[in-house]
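The sequence lines fix the lettering, A, B, ..., with proteins before strands; numbering per chain opens at 1. For clarity, every value in this text was computed on a predicted model and none was experimentally measured.
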Amino acid sequence: MAYAYLFKYIIIGDTGVGKSCLLLQFTDKRFQPVHDLTIGVEFGARMITIDGKQIKLQIWDTAGQESFRSITRSYYRGAAGALLVYDITRRDTFNHLTTWLEDARQHSNSNMVIMLIGNKSDLESRREVKKEEGEAFAREHGLIFMETSAKTASNVEEAFINTAKEIYEKIQEGVFDINNEANGIKIGPQHPTTNSTLPGSQGGQQAGGGCC
Amino acid sequence: MNFFRGVMGGQAAGPQPSGAETIQKLCDRVASSTLLEDRRDAVRALKSLSKKYRMEVGTQAMDHLINILQTDRSDSEILGYALDTLYNIICNDEEEEQDESEDAVTPLPVSGKHKNVSVPDENAQKQADDMGAHFTDKFIQDPEHVTLLLTLLEEFDFHVRWPGVKLLTALLKNQGPQVQGIILVSPMGVSRLMDLLADSREVIRNDGLLLLQQLTKGNAAIQKIVAFENAFERLLDIITEEGSSDGGIVVEDCLLLLLNLLKNNSSNQNFFKEGSYIQRMKPWFEVGDDNSGWSAQKVTNLHLMLQLVRVMVSPVNSPGATASCQKSMYLCGLLQQLCTILMATGVPADILTETINTVSEVIRGSQVNQDYFASVNAPSNPPRPAIVVLLMSMVNERQPFVLRCAVLYCFQCFLYKNQKGQGEIVATLLPSTIDANSISAGQLLCGGLFSADSLSNWCAAVALAHALQDNLTQKEQLLRVQLATSMGNPPVSLLQQCTNILSQGDKIVRRGSKVQTRVGLLMLLCTWISNCPIAVTHFLHNQENVPFLTAQISENLGEDERLVQGLCALLLGICIYYNDNSLENYTKEKLKQLIEKRIGKENFVEKLVFVAKHELYSRAAQKPQPVFPSPEQMLFDHEFTKLVKELEGVITKAVHKSSEEEKKEEEVKKTLEQHDNIVTQYKELIREQDAQIQELKEKVSSMSSQNEQLQTTVTQQLSQIQQHKDQYNILKLKLGKDNQSQSNSQGDGSQVNGLQTEELTQLREEVDQLRKQHTLLQTQLGDKDALINTLSSEAAQTAEGSAGASDNTELLKELEALRSQVQSQSAEINQLKTERQELLRRAEAASSDTVPSSDSSLDAAKMAELESRLAAQTAETEKLKEETKRLSESRAGLEQQLASATSTVAILQTEKAKLQTEVQESKKEQDDLLMLLADQDQKIHSLKQRLKNLGETVEDEDDLDAKDQTDDDEEEEEEEEDED
């Protein structure tokens, strides 16, 4: 379970665009066509590999409903990455992106990597927002862009992993202060740190010996 | 200042202003004074009065104080006083009073601050609580005030931050949900409070912990945000820094906060697990065997730590989450560590009890963990399995009640969904595997079952029932168990012994309650024989059992016995429901008749239903862990309540049903089976259709791909057609050159005027014809050309006039050969001539020199020879001359032939000239034809245009045609040049 880095993500966007389904597809590799409304925030996690390094992603899936907005805002500051999701079959969810982005920019740290996601790409026949429009929006606001389908799992992995790659690159460039956990980034336990006590890794070692 | 002293002193003589008046004056001063110092003094005075005159200060000064917080933000001293004052009027904890001096705010030891010191007068405390609630309401009426307080917490100054933290904690204590709601919606509210944990001043950090405890109480949203803000990491760090279980109250506070964050919050539990924090719990339990002492604080800390482990693997959590936590607890060695505590000496009983409970939940339903637990041995001599050691405590009446309950729970959890474990336990009772030398779990359970202690009876019965739960094999195996009775009596089966105790229960002297023993045994019997017809038969086989049950049920007994009656009814009901009719006397039908006759159906059902209505039943149904306030209330087992729920309905139905109804039921069953068959048929049909659909889908896809292919070929062909058309155009142009000899070409040309497509095809055919004719002509022409060539070369040769020259190589060769022959022969003739002359000379010489006759005869022979040779040669020469003559004759013939050929050449040349003129003519005609065609094309074009206008789709090829035409013209010119 050792990891080189730990990144915190948030998933934001209008209600019903498929945020929870994206998370479920990413963490459990399954799709739930009927999903309850998310209350507040739900947590999920998964390990990925970038550049040969194990990276742990901790993801907070937020409720899209307006009534939870004030709660979900609390998560912006501590996140290193955000997936901003809209539904390609509902133009209004695309139209609200500006509000979401303003909100995110206002409450997050300036280095947060934002990935714009047009979800439900499997419903091509009901498409209301062209891919080009998403691309244009992303270009205009300096975001990465992808169209995904939580149902078919198309691009879901890529969305999460590409965001992590971007963060990883920013770390390599020295943009992120990795020692400040408020940025949503943590160095893994196997890195030599000034901290002398590392009970976590100790426990892990003893676990190996404890099996009989 | 005198005035203030008077107020503060509170004992000045003379007309003394009342508290309210003084406070009013101070308030005025706070409100109106322009000097900061004056305001500060006034607030400080209010603060000193705020405890004694809490009501008055609260009522009159609160607004002013809040105002100070808003307007005097630059002065931390006045802010501190204002916050202290507000805290005093809002906080209900009286104990602060004696600690606090007025002028210097000295950091206090944190310990015990949050613990309510018991107040002697309960009434006074209630009044104080009311007051606190009232003032809190007043303060939070405007949510802005809470937000203001949150911003003040960003002030680093100790005098502001500390009272700010305390005030907010007090507000949360008094009106938790409302204040939580305000903090939740204020941006960064929770984050700011989390920052308190990072404060280098321990007092603030520790009070921050208390604040967060209040903040997270019962609010999942806040709990999640706090967790998101790295609370787990920080709290675990603090716990480690403070010495884990050996640490002080700060550790306890951290643990309480962790509990708040994790309890009933699956999202946070998942985060805790995913963050690998379970691994960090393991060192907490490395308490070792040193009996160095268990301080009260350490006991408290460990208790909370164990609770935290339990929160993660609670049976109420989702099975998946619990399973994965159990797995990582085993993998990181936490379970092993807990088992060490279990077997360690000197561990306080309550910690031991809680450890047993914790181990129970860590192994519950997890095969790997259960297997590990089965393998744990106590460090005794000889080593005994931990399970046996624990069971010994369970059936030992000297052990504390809670410990015995914990052991039972542990045993239950060990057997929960563990068929292997169930088998192992039952095996220790079977004759074949009994080991007489050591104490086994089975022995202990039997001992408990028949001991004189009702609690042991109950625990052993329930434990044994759990070894049979949902396990038909073990139910049947246990039937084999025979018990040796005293005085050489024949052995009795365990099943029978249980019923014997049940029926003779009244006669045996016991400690505890008889009901407890009987309920325990009845639960065991019910679990044992339910869903196991063989066990039912065994039970019914004893002639005394059914009469005993009917007697019990039908008797009119007191309240205590009604539960036993209900359970007897349940047992009898099971005998009916799971009866395979193998005993003639006790078939389903006969038992039912018995009930009707002896008890009465209504009565029976009433007794049966009573069980589930029992208060203790519903308590046991709530959760798996057996927790009872007193041993007497220990009557129901959780798993058994499930069984009752399951059987109550079916038994009621079974009893009410008459035989006719049963028959009907059978029929219904049959029809249901039929329905099932139909359903399966349909299912198969659906499956088939599914397959068909799949097949068809595949077909469709292959067809669509074929379609695509075909379309591509169609386009290819279209382009080919286009090419052909182009070629046609070229040919059309070529045609013009060659059709001069065709008499009907003009006719065709006139026919083309018709512009019909048929005519076009006709035209095409004719073009083909013309082409053929053209090629024919060309070959003829070629032949003629070749002929002309040969003739001309022949003519050239004849002109040269060489004798030996031949029109063919054969003749020439012959001539050559003859010539060489002639030459060689003439050379021979010459040679012979010289030879003859020499011979003649020799002859002359010989005759003159008187050569003997022999010589002359020799000479004569030679001469004869030579003369014959000469004759031959002359003949040959003659022959050659004749041949030469013949050859010159043939040459003359050839010369004649040549002459005739030259004349033919002349004829042919004239012919060729004629043909050339003809070609010229036909070219002209061709041009005319071309003109005609161009006109026709234009006409076609206009017609197509017209068609288009009329809405017909017409292939637009005009452009191409036009382009091709020009190309063709060029080509044609080139070809003409070639031909010329």
Which region of [X], side chain (C-beta onward) or backbone (N, CA, C, O), has a non-hydrogen atom less than 4.5 Å from a non-hydrogen atom of chain A, or is it both or neither?
{"X": "B:Val190", "result": "neither"}
{"X": "B:Glu233", "result": "side chain"}
{"X": "B:Asp371", "result": "neither"}

Point to revise | A:Arg126, CZ atom: more than 12 neighbouring heavy atoms under 6.0 Å | key: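 Check fails, neighbour count at 12 or below.
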Check your understanding: Who wins among A:Gln58, A:Arg73, A:Arg46 for the most heavy-atom pairs under 4.5 Å with chain B?
Key ->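 With the most close heavy-atom pairs to chain B, the winner is A:Gln58.
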Once you round to the nearest 0.5 Å, how far does [atom1] of [X] lie from [atom2] of [Y]?
{"X": "A:Leu6", "Y": "B:Ser276", "atom1": "CG", "atom2": "OG", "result": "9.0 Å"}
{"X": "A:Glu42", "Y": "B:Ser266", "atom1": "CD", "atom2": "OG", "result": "5.5 Å"}
{"X": "B:Met194", "Y": "A:Ser74", "atom1": "CE", "atom2": "OG", "result": "12.5 Å"}
{"X": "A:Trp60", "Y": "B:Lys224", "atom1": "CH2", "atom2": "NZ", "result": "11.5 Å"}
{"X": "B:Asn219", "Y": "A:Ile71", "atom1": "CG", "atom2": "CD1", "result": "7.5 Å"}
{"X": "B:Glu274", "Y": "A:Leu57", "atom1": "CD", "atom2": "CG", "result": "11.0 Å"}

Exercise for review: Give a yes or no on whether the backbone of B:Ile225 and the side-chain of A:Tyr75 come within a donor-acceptor separation of less than 3.5 Å.
Suggested key: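 Looks like yes, one N/O pair under 3.5 Å.
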Review point. Do the ring planes of A:Phe43 and B:Phe271 sit parallel (below 30°), tilted (30 to 60°) or perpendicular (above 60°)?
Key: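 Plane angle between 30° and 60°, so tilted.
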